[in-house]
Visitor: 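Quick one: the structure is below, and I'll ask about it shortly.
Every number for a ligand or one of its atoms is a count from 1 in the order of the listing.
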Amino acid sequence: MNTIAVVPGSFDPVTLGHIDVIARAAGIFDEVHVVVVHNPDKSALLPIAQRVSLIQQAIVDGGVTGNVVVTSWSMGLLVDYCEEVGAKVLVKGIRSQVDVAYETPMAIVNRNLAGVETIFLLPDPAHAHVSSSLVRQVAGLGGDVAPYVPKAVAEFLASHE
Ligand code: PNS
């Protein structure tokens, strides 16, 4: 059986922590679908297509290729995407108890909606303090985000100041 895992998120922008989790998922599952989803609770920095493109560049640069597909979903529930591609598992990165509290209700709802289970993976603790919202803030105020994001993202943000 081909086991497909979906790694969803806003990825606005993708961080080194995200890439770490995607790489770990790619080492466990046959196929990994990284799915960029608009989160209406967050004000966006980058258009969805740009986020997809930056993730694609970052996974190639990071050597995380072969079984990873990057796409976006705007047709309704995330579990509808899972159903469409035959994925039974979502993967989320957990940096701290704060993430557990944020992710747990979503995991339960996704299981209740469609029987899709959520697996939490721990990124390298070196990335525990890194979040897209911090990156957006630092980049927006002219700070250096290179330590927190893949090279492609750092270059993109620097050239769009
Ligand atoms: O990176 P984020 O912003 O924490 O990701 C949250 C996201 C996009 C994964 C979540 O908001 C989501 O799954 N949205 C899709 C809509 C949906 O299916 N909602 C109901 C289940 S949570």
Visitor: What is the closest protein heavy atom to atom 13 (O) of ligand 1, and at what distance does it sit?
Guide: Leu78 CD2, 3.5 Å
Visitor: Can you tell me how far the CG atom of Asp80 sits from the CD atom of Glu83, to the nearest 0.5 Å?
Guide: 6.5 Å
Visitor: For Tyr81, I'd like to know if atom OH has over 12 heavy atoms of other residues, nucleotides or ligands within 6.0 Å.
Guide: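 Yes.
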Visitor: Would a search of protein heavy atoms around atom 15 (C) of ligand 1 find one under 4.0 Å away?
Guide: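 Looking at atom 15 (C) of ligand 1, one finds that a protein heavy atom does lie closer than 4.0 Å.
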Visitor: Are Tyr102 and ligand 1 in contact, using a heavy-atom cut-off of under 4.0 Å?
Guide: yes
Visitor: Among His38, His18, Lys42, Lys92, which one puts a heavy atom closest to atom 2 (P) of ligand 1?
Guide: Lys42
Visitor: Using a 3.5 Å distance criterion without hydrogens, assess whether the side chain of Asn67 forms a donor-acceptor pair with backbone atoms of Phe29.
Guide: yes
Visitor: Among all protein heavy atoms, pick the one closest to atom 21 (C) of ligand 1 and tell me residue, atom and distance.
Guide: Asn110 OD1, 3.3 Å
Visitor: Is the number of heavy atoms from other residues, nucleotides or ligands under 6.0 Å of Glu117 CD greater than 12?
Guide: yes
Visitor: Would you mind running through ligand 1 and noting each atom that sits below 4.0 Å from a heavy atom of Met106?
Guide: 10 (C), 22 (S)
Visitor: Could you tell me whether Asp41 approaches ligand 1 through its side chain, its backbone, both or neither, with non-hydrogen atoms closer than 4.0 Å?
Guide: neither
Visitor: Tell me whether Arg51 contacts the main-chain N or O of Ser10 through its side chain, where contact means a donor paired with an acceptor under 3.5 Å.
Guide: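 Side chain of Arg51 to backbone of Ser10, a donor-acceptor pair under 3.5 Å: yes, one is there.
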Visitor: Does any N or O in the side chain of Asp30 come within less than 3.5 Å of the main-chain N or O of Ile4, such that one atom is a donor and the other an acceptor?
Guide: no
Visitor: Using modelled atom types and a 3.5 Å cut-off, is there a donor and acceptor pairing between side-chain atoms of Asp20 and backbone atoms of Leu16?
Guide: no
Visitor: From the options Pro105, Ala107, Pro8, select the one whose nearest heavy atom is closest to atom 9 (C) of ligand 1.
Guide: Pro8
Visitor: Heavy-atom distance to atom 20 (C) of ligand 1: which of Ile108, Leu77, Val116, Val7 wins?
Guide: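 Shortest heavy-atom distance from atom 20 (C) of ligand 1: Leu77.
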Visitor: Are any side-chain N or O atoms of Thr15 and backbone N or O atoms of Val149, one a donor and one an acceptor, separated by less than 3.5 Å?
Guide: no
Visitor: Could you tell me which atoms of ligand 1, counted from 1 in the order shown, lie closer than 4.0 angstrom to a heavy atom of Val37?
Guide: 8 (C), 14 (N), 15 (C)
Visitor: Atom 5 (O) of ligand 1: which protein heavy atom is closest, and how many Å away?
Guide: Gly9 CA, 3.6 Å
Visitor: Tell me, which protein residue and heavy-atom name are nearest atom 3 (O) of ligand 1, and how many Å apart are they?
Guide: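 Closest protein heavy atom to atom 3 (O) of ligand 1: Ser10 OG, 2.4 Å.
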